[in-house]
Every structure is written in C-alpha cells, then in structure tokens.
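Structure, as structure tokens:
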Amino acid sequence: MEQVNETVVTEFVFLGFSSLAGLQQLLFVVFLLFYLFTLCTNAIIMSTIVLDRALHTPMYFFLAVLSCFETCYTFVIVPKMLADLLAQKKTISFLGCGIQMFTFLFLGCSHSFLLAAMGYDRYMAICNPLRYTVLMGHGMCAGLVAAACTCGFTVSLVTTSLVFHLSFHSSNQLHHFFCDISPVLKLASHHSRLSQLVIFILGVFALVIPLLFILVSYIRILSAILKISSSVGRYKAFSTCASHLIVVTVHYGCASFIYLRPKSNYSSSQDTLISVSYTILTPLFNPMVYSLRNKEFKSALRRTMGQTLYTVN
C-alpha cells in the first residue's frame with residue numbers, strides 16, 4: 001500500500017468489508033447466490049420477451065432493455081466484489097478504477113433516463129390509447145433508448161474525467177467495495193469546490209430531471225385515470241403503472257441518498273450498506289416486480305416454457 005505523501009497512487013485498496021473479516025466467506029456465498037439468481041431472472045425475462053410475439057410491445061421492449069442494463073450493471077461490480085471477498089489483497093489499478101466508475105455511471109445514469117422513458121410510455125398508453133401504437137412505434141422506442149444511453153454516456157464521461165484528472169498522492173485505501181464517486185474523491189489530494197459543484201450538477205441532471213419528467217407524466221396519468229367512470233377501468237389503468245412506480249421509488253430513493261446529499265454527511269459504512277442494496281438486491285428486485293405482478297408476462301412465460309419443452313422432446 002502506497003501511503004507516502006509524494007508517491008503517486010497507481011492502485012487502490014478496497015476496505016468496504018474490512019470490518020466484517022470473519023463473515024466474508026459467508027457474504028461470498030450469500031452474494032453469489034443472489035447474483036446467480038439475478039442473472040437467471042433477467043435472462044428468463046429477456047428471452048421470454050424476445051421469443052413471445054404477444055410481448056412485442058413498447059412496455060416490454062423497455063423492460064427487456066431495463067433487464068439488460070441491470071445485468072450489465074451487476075457484471076461491472078459484483079464479480080470483482082466476490083473475488084475480493086476471498087482475496088487477501090483487495091486491489092484495483094488506477095486505470096481499472098476509472099473504467100469501473102465510468103461503466104457503472106454510464107449504466108446507472110442510462111437506467112435513470114430509461115425509467116423516464118418508461119414513464120412517458122405509460123403516459124402515452126393511458127392518455128392517448130387510440131394513437132398509442134402509432135406514437136410509440138419502433139423508431140420512437142429505439143430513439144428514447146438511444147437518448148437515454150447518450151445522456152448516460154455524457155454524464156459518466158464528464159464525471160469520470162473530472163474525478164481522475166485530480167491528483168492522488170496520499171492514501172490509496174478506498175473505504176468502499178467499488179470505485180464510487182465520493183470515496184474516490186475523498187482520496188484526491190486537492191479537489192476544488194468547482195469540481196464538486198460540477199459533479200453535483202451532473203448528479204442533479206441524471207436524477208432530478210428524469211424524476212421531474214416522471215412526476216409530470218404521472219400527474220397527467222392520474223388526471224386521466226380519475227376521469228374514467230368505471231372503478232374496474234381505473235384499477236386496470238393504475239395497475240399498469242404500479243410496477244413502474246415501485247421501481248422508480250427504490251431507484252431514486254437509493255441514488256438520491258448517495259449522490260444528492262451534502263458531502264459533509266458522507267459516511268463510508270452507511271454508503272457501503274446502501275450500495276449493497278442497489279448493486280445486488282435492486283437488480284434482482286426490479287425485473288421481478290415487473291414480471292411476477294404481471295399476468296400477461298406470466299402467461300407468456302408459460303407459453304415459452306411449453307414451446308421450449310415441446311421442441312426439446
């Protein structure tokens with residue numbers, strides 16, 4: 001470990017689970033099981049949507065992209081974390097840390113904008129049902145996903161560039177289990193108020209703006225639902241939005257706590273706990289909320305499994 005003041009840091013040492021040294025093998029088993037279950041769940045969701053033509057609609061297209069983002073997001077962080085739980089020396093190179101931060105920010109920010117696109121899709125489905133299939137065609141859906149990825153790429157590129165253009169000459173001990181913004185910034189020799197302000201503004205852009213779009217969409221959706229005379233119709237319309245609202249609440253709740261609070265309130269142990277939830281539990285929770293609460297998806301899954309078994313036999 002390089003702790004001499006004048007020595008340039010070339011690698012970081014993760015200390016995220018150092019206080020749980022006696023439990024690291026147990027954590028490895030638990031996290032591995034969650035990770036494998038997440039991969040299997042998302043693979044089933046994506047393959048079912050691709051194979052069943054009844055699910056070739058905008059809502060399920062966005063759900064397949066969401067599952068893809070969740071799978072890639074966990075792949076960036078969890079395998080390295082699992083390896084470190086069994087390793088004596090939990091290190092990552094300076095370049096590897098930058099790549100990890102850029103990739104997870106890209107996927108995380110794209111995820112935020114994708115949730116906004118999914119909110120817009122629900123708004124069009126409920127407020128413009130007769131024109132929905134025309135307005136939300138393949139071109140529009142692909143364009144919304146491309147826009148989400150472009151915004152995510154821009155935010156992650158600028159943020160990562162700002163962080164890793166700083167000097168790192170002191171400690172290389174990272175009080176986290178992956179290269180997140182706040183713990184890496186804490187190790188920088190000099191980080192100006194300007195760089196912190198720019199990073200905060202980018203966080204607002206990636207979290208607050210998509211959330212505002214979602215809120216506007218749901219205000220209009222609620223207004224349209226209240227105009228439906230039938231209670232059954234109101235329930236059916238709202239049930240199509242419930243899964244999305246649950247995922248939005250979990251995602252923006254965790255992300256806002258981590259990235260939008262004052263840096264003076266930074267707590268490494270608290271952040272580690274929250275980060276475990278959104279890197280391991282949330283990627284498993286989100287797709288299951290959409291699939292297990294959805295009768296149409298469960299019917300499609302049974303059809304797909306039946307066709308697969310028939311083909312094999």
Side-chain angles (χ1 to χ4, degrees), residues 42 45-46 49 57-73 103-129 131-159 199-225 237-260 278-279 282-283 285-287 289-291 293-294:
N42 283 288
I45 290 171
M46 288 186 285
I49 293 172
T57 63
M59 184 178 78
Y60 291 105
F61 170 75
F62 289 126
L63 176 56
V65 177
L66 178 69
S67 293
C68 181
F69 281 176
E70 300 283 13
T71 303
C72 296
Y73 185 87
T103 310
F104 103 82
L105 282 177
F106 165 62
L107 292 167
C109 294
S110 299
H111 184 280
S112 291
F113 288 103
L114 180 65
L115 288 176
M118 295 173 79
Y120 177 74
D121 171 66
R122 291 300 83 209
Y123 159 71
M124 296 302 293
I126 293 173
C127 299
N128 294 281
R131 302 178 61 204
Y132 174 66
T133 54
V134 176
L135 295 173
M136 294 299 294
H138 296 300
M140 173 60 78
C141 293
L144 288 172
V145 172
C149 291
T150 300
C151 292
F153 178 85
T154 303
V155 171
S156 61
L157 180 63
V158 174
T159 303
I199 291 170
F200 179 79
I201 291 172
L202 289 169
V204 170
F205 174 72
L207 293 172
V208 177
I209 291 180
L211 184 57
L212 287 176
F213 276 112
I214 292 171
L215 289 175
V216 171
S217 297
Y218 274 102
I219 288 171
R220 296 189 175 186
I221 287 171
L222 183 60
S223 176
I225 290 176
F238 184 76
S239 64
T240 64
C241 304
S243 298
H244 182 250
L245 281 173
I246 294 171
V247 172
V248 165
T249 302
V250 172
H251 173 78
Y252 286 101
C254 292
S256 298
F257 177 83
I258 294 290
Y259 299 109
L260 296 182
Y278 73 72
T279 55
T282 304
F285 171 75
N286 288 352
V289 167
Y290 273 100
S291 58
R293 296 184 72 260
N294 192 308

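Basis for what follows: all heavy atoms, side chains included, without hydrogens, waters or symmetry-related copies.
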Next item on the list: Working to the nearest 0.5 Å, report the span between CD1 of Ile126 and OG of Ser223.
Entry: 11.5 Å

Note to self: Working note: Leu115 + His111, criterion side-chain contact (heavy atoms from CB on, under 4.5 Å); need CA distance, chi angles, decisive distance, verdict.
What the structure shows: CA-CA 6 Å; Leu115 288 176; His111 184 280; 3.6 Å; yes

Checklist line | From Arg220 atom CZ to Tyr123 atom OH, the distance as rounded to the nearest 0.5 Å | finding: 4.5 Å

Notebook entry, point to check: For the residue pair Tyr218 and His244, does the interplanar ring angle fall in the parallel (under 30°), tilted (30 to 60°) or perpendicular (over 60°) class?
Noted result: parallel

Checklist line | Side-chain H-bond candidate by donor/acceptor type, Ser112 with His251, under 3.5 Å | finding: yes

Note to self: Angle between ring planes, Tyr73 versus Phe104, binned at 30° and 60°: parallel, tilted or perpendicular?
What the structure shows: perpendicular

Next item on the list: Could you check if a side-chain atom of Phe62 sits within less than 4.5 angstrom of a side-chain atom of Leu66, using non-hydrogen atoms only?
Entry: no

Next item on the list: Answer yes or no: does atom OH of Tyr132 have more than 12 heavy-atom neighbours from other residues, nucleotides or ligands under 6.0 Å?
Entry: yes

Note to self: Looking at every heavy atom in both Pro210 and Tyr252, which two are closest together, and how far apart are they?
What the structure shows: CB-OH, 3.2 Å

Next item on the list: Would you sort out whether Ile209 and Cys151 count as a side-chain contact (heavy atoms from CB on, under 4.5 Å), showing the intermediate values?
Entry: CA-CA 11 Å; Ile209 291 180; Cys151 292; over 6 Å; no

Item checked: For Leu107 against Phe69, the heavy-atom pair lying closest together -> CD2-CD2, 4.2 Å

Checklist line | side-chain contact (heavy atoms from CB on, under 4.5 Å) between Ser217 and Arg122, worked out | finding: CA-CA 8 Å; Ser217 297; Arg122 291 300 83 209; over 6 Å; no

Item checked: Spatial distance of atom CD1 (Ile246) from atom SG (Cys241) [nearest 0.5 Å] -> 11.5 Å

Item checked: Minimum heavy-atom distance between Ile214 and Ala116, given as atom pair plus value -> CG1-CA, 3.6 Å

Next item on the list: Working to the nearest 0.5 Å, report the span between CE of Met124 and OG1 of Thr133.
Entry: 10.5 Å

Notebook entry, point to check: CG of Leu135 to CG of Asn128: how many Å apart, nearest 0.5 Å?
Noted result: 6.0 Å

Notebook entry, point to check: Any idea which heavy atoms bring Met136 and Asp121 closest together, and the distance?
Noted result: CE-OD1, 3.7 Å

Check: Pro58 versus Cys141: any side-chain heavy-atom pair under 4.5 Å?
Finding: yes

Checklist line | For the student: nearest non-hydrogen atoms of Leu114 and Ala148, plus distance | finding: N-CB, 3.8 Å

Margin query: Pair Leu211, Val248 - check side-chain contact (heavy atoms from CB on, under 4.5 Å), show working.
Written below: CA-CA 8 Å; Leu211 184 57; Val248 165; 4.1 Å; yes

Checklist line | Pairwise distance CG(Leu105) to CG(Leu202) - rounded to 0.5 angstrom | finding: 9.5 Å

Item checked: Within-4.5 Å side-chain heavy-atom neighbours: Met46 and Thr71 -> yes

Notebook entry, point to check: Looking at Phe213, Phe106, Tyr120, Phe205, which one forms a ring-ring contact (aromatic ring centres under 6.0 Å, His included) with Phe113?
Noted result: Phe205

Item checked: Exercise: identify the closest heavy-atom pair between Cys109 and Val155 -> SG-CG1, 3.6 Å

